[in-house]
Amino acid sequence: MDELRTKAKELFEKGEIDIFIGYEEGTRNPRPLFANNADETQKLVFNDMCTGNLAVYLTRKDLVKGKRVGISASYYALKSIAQLFVENQLKEESLKVFGLSSDRKIQALNSLEEIKQYLKDTPPPPKLKDDELIKQIDEMSSAERWAFWSDELSKCFKCYACRAACPMCYCTKCIVEVNRPQWIQPWASTLGNMEWQINRVMHMAGRCSDCGSCGTACPIGIPIHLLTHKMSETVKINFGDSSEKGNVLSTFKPEDKESFIL
Amino acid sequence: MSKIGVFVCHCGENISATVDCEKVAEEASKITGVEVSVDYKYMCSDPGQTMIKEAIKEKGLTGVVVAACSPRMHEPTFRKACSEAGLNPYMCEMTNLREHCSWVHEKGDQTTEKAIDLVRMLVEKTKLNKPLNSIKVPIHKKALVIGGGIAGIQSSLDIANAGHQVILVEKDPSIGGHMSQLSETFPTLDCSQCILTPRMVEVAQHPNITLYTYAELEKLEGFIGNFKATIRLKAKSVDPKLCTGCGVCYSKCPTKKIPSEFNEGLGLRTAIYTPFPQAVPNKPVIDKTNCTYYTKGKCKVCQKVCPTGAIDFDRPDEFITEDIGAVVTATGFNVLKPNFFPEYGYGKYKDVITGLQFERLASASGPTLGAIRRPSDGTEPKKIVFIACAGSRDPAKGLPYCSKICCMYTAKHAMLYQHKVHDGESYVFYMDIRAAGKNYEEFVRRAIEDDGVNYVRGRVARVYEKDGKLIVKGVDTLLGGKPVEIEADMVVLASAGVASHGAEELAQKMHISYDPYKFFAEAHPKLKPVETNTAGIFLCGACQAPKDIPETVGMASGAAAKVIGLFSNSELTREPVVAVVNRIASHEVSTCVGCFLCETACPYQAIVHEEIKNRAGEVIKTVAQVNPGLCQGCGTCVSFCRSKSIDIQGFSNEQMYAEVMAVLEA
Amino acid sequence: MNNEFEPKILAFVCNWCTYAGADLTGTSRIKYASNVKIVRFPCTGRIDFMLLLKAFANGSDGVIVSGCHPNDCHYTSGNFHARRRWILFRSLLDFMGIDIRRIQFSWVSAAEGAKWADIVNTTVASIRELGPYTEYQRAGDFLANNEEELAKEMEVNNG
Amino acid sequence: MNWLTQLNDEGSQIYAPVAKGNKTDYKHITSMEEISMDHIQTTQSAKAIAFPRTEKLFSYTKKEGNVTLQNFDTTTIPETVVFGIHPCDAAGFKPLSGIFNWDTPDLPFNERMKRTTLIAVSCTQCDEFCFCTSVNGNPGNTEGSDILLTPIKEGYLVEIITEKGENLVNKHISFFEADPNVNKEEYLAKVPVQFSLEELHEKISNMFESPVWKQQSERCLGCGACAYVCPTCACFDIQEDAHGSSGNRLRCWDSCGFSLFTMHTSGHNPREVQSQRWRQRLLHKFSYMPERISVRGCTGCGRCSRACPVDMNIAEHLSEIATL
């Protein structure tokens with residue numbers, strides 16, 4: 001913990017960053033902290049409790065535009081950062097990234113290459129609970145699945161916390177706000193809520209870091225992160241790990257396999 | 001408010017036999033926004049079209065829906081009619097009451113109901129149509145031809161003769177390609193060089209052709225009509241302006257034992273060389289990998305003997321860029337190196353040679369001056385075996401395709417052999433004889449019947465040497481798989497035609513696609529054989545697939561015709577069915593967030609990065625932009641874009657949505 | 001006319017292969033069920049997955065999506081992109097319990113007029129068997145749902 | 001409980017807290033078994049009873065140029081009893097009512113309120129997010145409720161606050177006994193006061209340009225969770241649910257925290273950055289509402305803090321402002 005504070009402080013003192021995005025102690029769990037100078041870095045914490053995906057702030061223009069940013073990033077945040085690079089949203093030279101090494105030490109990741117290497121070398125944190133839930137849902141009949149999701153999604157009141165918490169949802173005008181045509185019912189109704197989630201998850205295909213922030217953010221506790229988690233798995237099963245360039249839906253292989261097209 | 005005209009066609013009785021056209025027109029008139037709705041026997045007829053035109057003028061229609069046959073048939077007809085009446089042609093849509101309704105359903109209410117729905121769908125779509133204007137793209141009327149074989153030569157000459165500038169780039173020191181290596185050509189047996197060299201000279205002398213030999217395409221940017229090509233001129237070490245081509249240098253060059261590429265290794269050349277005596281340009285280059293000066297730092301004999309001081313060892317590669325309107329790719333092919341077949345002993349036995357090597361032996365300008373001699377001992381082979389399909393049609397070896405030319409040139413080789421070695425005996429092992437082409441079958445028959453070539457249908461399993469003879473073991477399948485063994489003096493492999501070296505790299509430079517064998521892919525296998533997927537880049541010759549000379553020349557003229565057609569206008573006019581990135585008010589400029597994933601989805605490289613700057617000139621945002629010159633209007637980007645920032649004219653999100661809703665909400 | 005359920009089916013097809021294939025069905029005078037209405041797209045790559053959902057939400061009981069066979073796309077790769085889209089979309093819908101039997105994907109070339117008629121007829125038959133897709137439409141109509149619930153309660157009260 | 005069963009049997013719609021997983025929310029119940037009272041706070045407030053997340057204001061049909069309007073039908077609103085809401089939640093209906101009646105009385109809201117009886121239950125437990133006592137509330141506050149129940153050793157202490165409440169009790173008077181003479185206070189949760197309301201009022205109305213807004217809102221993600229769970233947030237959006245020639249005009253929840261909330265068609269956005277939206281949220285609740293409709297837009301329920309994905313703890317932020 002002290003290590004990160006020292007490093008972040010150093011960056012300020014050397015004049016290498018203008019803002020450091022990290023965590024501080026919060027009411028119950030660590031919460032995001034924005035250190036704007038060396039002193040403020042002394043509140044930083046970084047441990048396994050720090051699960052919120054801080055990469056979400058890297059596309060927030062009012063926070064980071066024109067600034068050189070330091071950030072402490074969880075495994076999933078690093079995945080998001082790597083993807084944001086693919087999508088032309090970040091500049092290598094204005095970003096200093098710190099991850100947690102396997103022995104829980106602060107590890108500076110100085111380039112996109114190093115981030116990619118880290119992700120290659122580090123196994124993703126297991127998601128036993130989610131995998132179990134998905135298994136349960138998979139084992140349901142189609143009608144049961146419909147009942148399950150229409151019940152869950154009937155509760156959604158469209159606060160869009162799932163969208164706000166997601167680092168990949170950085171569109172300035174989200175599909176739900178497009179009204180010519182009105183693709184998605186903008187009001188809360190089971191179907192409109194489903195349409196929103198289907199869109200969100202389709203848009204996440206091959207881009208999602210699987211951090212689960214959407215589900216954590218949901219104030220009503222709808223397990224929408226299972227949808228993205230399932231999508232990530234489907235992508236992996238069908239198309240392997242994402243390619244360097246483009247997106248799973250913007251690229252293809254002539255030999256892609258399906259079994260349902262007549 | 002829309003004023004839509006609906007025009008329901010009976011198509012004689014083609015539609016009205018099963019659809020109640022009057023009712024369709026009547027129901028359509030009740031749709032909000034429909035100003036006029038009529039039915040008529042033949043809408044496409046002159047009176048029918050006049051009816052539409054008059055309605056446009058009298059009622060001030062803002063859109064027209066013609067409910068008739070397939071838009072694939074008459075959409076241009078009706079759009080033209082609308083245009084003539086002053087309505088933007090893209091405000092006219094067709095709905096298909098014939099192929100998709102009256103012809104496929106029985107007469108009845110349901111069929112009429114469906115027809116009404118179909119009309120409703122298109123009315124709702126048309127309400128959201130926007131007037132579109134054809135896209136104009138300026139054209140640089142200069143063509144780049146890559147490859148100086150017969151394909152590139154033919155294409156260059158055709159384009160140049162039509163009055164356009166051509167830049168011809170050839171990677172070797174001379175143009176001529178494979179055709180210049182050939183002895184005689186099938187099916188006429190006229191001498192290849194005799195018909196080719198005049199064309200080569202014509203290229204060199206043509207005022208509209210700029211020839212760059214020993215040069216390669218480095219980079220190609222831009223799009224149809226507006227390419228920018230960067231060409232690397234490899235250092236020749238000989239100043240072409242000073243060199244007179246006298247040949248003293250290569251006669252004095254001490255490094256003499258380099259296998260000649262032109263003679264397929266059957267002859268030798270010097271380090272400073274012209275590939276062959278009839279080379280165009282007939283000026284030497286120094287082969288840096290073999291020249292003693294370049295490898296060891298000593299020699300410079302050529303520099304000493306050159307009467308004009310043309311030798312320049314220190315000259316680096318040069319780069320030139322040219323503005324180009326169209327590209328013709330004519331990079332040809334290579335023959336499969338037959339060490340691919342250890343069982344035939346190529347490389348192990350000197351007298352197992354390729355068809356192309358045989359061409360050099362048979363050529364009057366070749367290493368033996370046209371006499372058929374064994375490379376091993378210079379004796380005349382008395383018994384010769386030709387193995388067709390050496391590599392071709394062999395899925396096990398990864399080349400399932402037919403190389404197309406081997407049957408014919410093998411027949412020619414056997415024939416030439418018989419003509420030159422009267423007491424010789426020749427055998428051809430073949431799988432099938434494919435002699436489709438004018439006078440081709442007759443040619444093969446002549447080889448068999450007149451010249452006594454022995455054709456054996458079967459594959460050769462092995463070739464090995466025994467007592468100075470090449471033992472060819474195969475089977476004759478026509479004799480029920482009877483084993484055949486021939487003691488031959490020479491074996492000629494009709495090795496498969498494969499993509500030329502570096503084809504893949506070149507395709508990637510030009511953003512054109514290629515097949516699994518690295519042959520360049522045509523835009524459509526039937527209807528667009530000389531186009532590629534990238535507009536403005538054309539193909540000809542064996543870079544697309546192995547083919548013979550007449551076919552190559554035909555294709556080369558075809559590609560040239562496409563280029564000339566393109567150059568016949570100063571602007572290119574294209575259908576405006578293209579994608580567009582939206583623009584919104586104020587500082588956001590566009591809802592596009594610049595993720596550029598659409599860039600990878602586009603099959604045509606039509607997405608470019610556009611930097612939006614403020615008044616101070618600072619970049620405030622980088623968004624996608626569609627190059628309308630390249631976009632073909634597939635719309636893959638549109639359904640991929642998450643924020644719906646990109647849309648396609650003519651099939652916009654709003655239009656498609658309205659069309660779908662129209663039928664469901666009715 | 002009998003009282004058999006007549007499903008509403010929309011077909012989203014590409015202009016170059018399936019639309020032309022359906023034209024051929026017409027010129028060949030092969031008959032098929034009139035329940036299907038074709039919406040013409042330039043390419044399967046253009047077909048937005050949302051349009052399928054919108055179709056269901058607004059009363060379509062089934063959807064046919066059809067385009068050029070792999071390698072035959074007029075635009076070279078639109079159908080390959082579409083194929084990936086449908087693989088993921090279908091799996092997502094299935095995971096959410098949306099009835100994927102109601103979406104029929106197919107490749108129909110411009111030469112396959114008979115295949116088109118066959119696809120339409122088998123799809124109509126299978127959707128007819130599945131019945132109207134009311135559970136999906138109802139999820140959209142929250143007002144009707146509320147009112148229905150209310151009505152039920154009123155009934156209880158009155159009764 | 002028998003009392004509720006009776007009410008249910010008589011046709012009142014009963015809403016009560018129902019637990020699912022680790023979340024509890026108000027649901028329409030038919031069996032009293034469903035009720036759960038173990039929670040500290042339901043995830044959502046009970047405001048949807050009178051201000052549904054989506055409400056049809058009117059519907060229309062167009063036919064051959066004529067438009068037929070169908071106005072909001074008040075007869076569809078059933079008699080409703082909300083059981084088990086906490087005093088902070090009950091108190092929220094006053095600010096809501098203030099907003100929905102500040103110039104034009106809002107028919108749907110008022111009609112729903114008219115048919116709703118609130119049976120509140122005092123809080124016997126609290127958590128670190130509760131701060132009702134800092135905004136003049138308390139765990140046994142009767143304000144806003146029709147009836148307030150306080151769990152005591154055996155059964156409940158019943159306080160009848162309004163006529164509506166009295167009617168409900170009188171219907172089944174047999175379930176009730178006379179005053180047991182208990183000290184209500186000893187059963188209530190102890191909610192510490194976190195800041196001085198006077199100091200807060202004094203500061204907040206004069207700090208429009210303060211850097212504190214930016215500082216506090218840096219981590220805010222701009223979602224609408226806080227507004228949607230809030231018992232007093234009343235922002236709404238008007239949407240059109242159109243189907244061909246007919247349609248409904250809908251009122252749907254909205255949030256001033258969304259970046260597009262104030263976006264003009266011109267592209268200009270008067271509240272361009274999150275700090276301006278955060279300022280709006282707090283000023284509206286603690287300055288504009290008290291000034292204009294004489295009621296604070298906060299009851300100290302702490303839901304927004306619990307719902308926030310990034311721990312925007314409102315009590316902490318208000319304390320910071322009060323001690324500036």
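Please read all numbers here as calculations on a predicted model, not as lab measurements.
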query: Is it the side chain or the backbone of B:Asn653 that comes within 4.5 Å of chain C heavy atoms, both, or neither?
result: both
query: What residue in C:Ala33, C:Ala82, C:Gly59, C:Gly78 has the most heavy-atom pairs under 4.5 Å with chain B?
result: C:Ala33
- prompt: At a heavy-atom separation under 4.5 Å, does C:Trp16 approach chain B through its side chain, its backbone, both, or neither?
  reply: both
message: Quick check on B:Met656 against chain C: is it the side chain, the backbone, both or neither that has a heavy atom closer than 4.5 Å?
response: both
message: Taking the side chain as everything from C-beta on, heavy atoms only, tell me whether C:Pro42 gets closer than 4.5 Å to B:Cys634.
response: no
query: Under a 4.5 Å heavy-atom cut-off, does chain C meet the side chain of B:Asp515, its backbone, both or neither?
result: neither
Per-residue contact mode, C:Ile47 against chain B (heavy atom under 4.5 angstrom): backbone
message: Given heavy-atom pairs under 4.5 angstrom as the criterion, report whether the side chain, backbone, both or neither of C:Asn35 touches chain B.
response: neither
Proximal component of C:Ala20, with respect to chain B [non-hydrogen, under 4.5 Å]: both
task: Return the minimal non-hydrogen interatomic distance between C:Arg85 and B:Thr636, and the atom names on each side.
output: NH2-O, 4.0 Å
query: Where does B:Lys644 contact chain C at under 4.5 Å (heavy atoms): side chain, backbone, both or neither?
result: side chain
field: Which portion of B:Ile648 sits near chain C, non-hydrogen atoms under 4.5 angstrom
entry: side chain
task: Starting at NE2 of C:His74, measure out to CG of B:Leu527 and round the result to the nearest 0.5 Å.
output: 10.0 Å
query: Nearest heavy-atom pair of C:Lys54 and B:Leu664: which atoms, and what distance?
result: O-CD1, 4.2 Å
query: Among B:Ser513, B:Gly108, B:Ala601, which has the most heavy-atom pairs under 4.5 Å with chain C?
result: B:Ala601
query: Step by step, would you call B:Arg72 with C:Asn15 a side-chain contact (heavy atoms from CB on, under 4.5 Å)?
result: CA-CA 8 Å; B:Arg72 297 172 56 82; C:Asn15 177 47; 3.7 Å; yes
query: Relative to chain C, which segment of B:Gln632 carries a heavy atom at a distance below 4.5 Å: side chain, backbone, both, or neither?
result: both
task: Pick one of side chain, backbone, both or neither for B:His524, based on which atoms fall under 4.5 Å of a heavy atom in chain C.
output: neither
- prompt: Do C:Leu10 and B:Val663 touch side chain to side chain, with heavy atoms closer than 4.5 Å?
  reply: yes
Least distance between heavy atoms, B:His105 atom then C:Ser34 atom: CE1-CA, 3.3 Å
query: Do you know which two heavy atoms are closest between B:Val660 and C:Leu51, and how far apart they sit?
result: CG2-CD2, 3.9 Å
Heavy atoms from other residues, nucleotides or ligands near NZ of B:Lys127 exceed 12 (cutoff 6.0 Å): yes
side-chain contact (heavy atoms from CB on, under 4.5 Å) assessment of B:Asn96 paired with C:Asp23: CA-CA 9 Å; B:Asn96 194 340; C:Asp23 277 358; 2.9 Å; yes
query: Just how far is it from atom SG of B:Cys602 to atom NE2 of C:His81, taken to the nearest 0.5 Å?
result: 8.5 Å
Under 4.5 Å from a heavy atom of chain B, the part of C:Val36 involved: backbone
query: Minimum heavy-atom separation for B:Trp103 to C:Lys31, with atom names?
result: O-NZ, 3.1 Å
task: Evaluate the side-chain contact (heavy atoms from CB on, under 4.5 Å) criterion for residues C:Phe41 and B:Glu659: first the C-alpha distance (whole Å), next the side-chain angles of each, then the deciding distance (0.1 Å), finally the verdict.
output: CA-CA 11 Å; C:Phe41 289 79; B:Glu659 194 174 336; over 6 Å; no
task: Please report the closest heavy-atom contact between B:Phe651 and C:Arg46, naming both atoms and the distance.
output: O-NH2, 2.8 Å
statement: Under 4.5 Å to a heavy atom of chain B? For C:Tyr19 that would be both
task: Apply the test salt bridge (charged side-chain N to carboxylate O under 4.0 Å, His left out) to residues B:Glu75 and C:Arg40: give CA-CA distance (whole Å), side-chain angles for both, the deciding distance (0.1 Å), then the verdict.
output: CA-CA 13 Å; B:Glu75 194 177 74; C:Arg40 181 167 71 123; 2.9 Å; yes
message: Only pairs of heavy atoms separated by less than 4.5 Å count here; which of C:Thr25, C:Asp72, C:Ile38 has the most with chain B?
response: C:Ile38
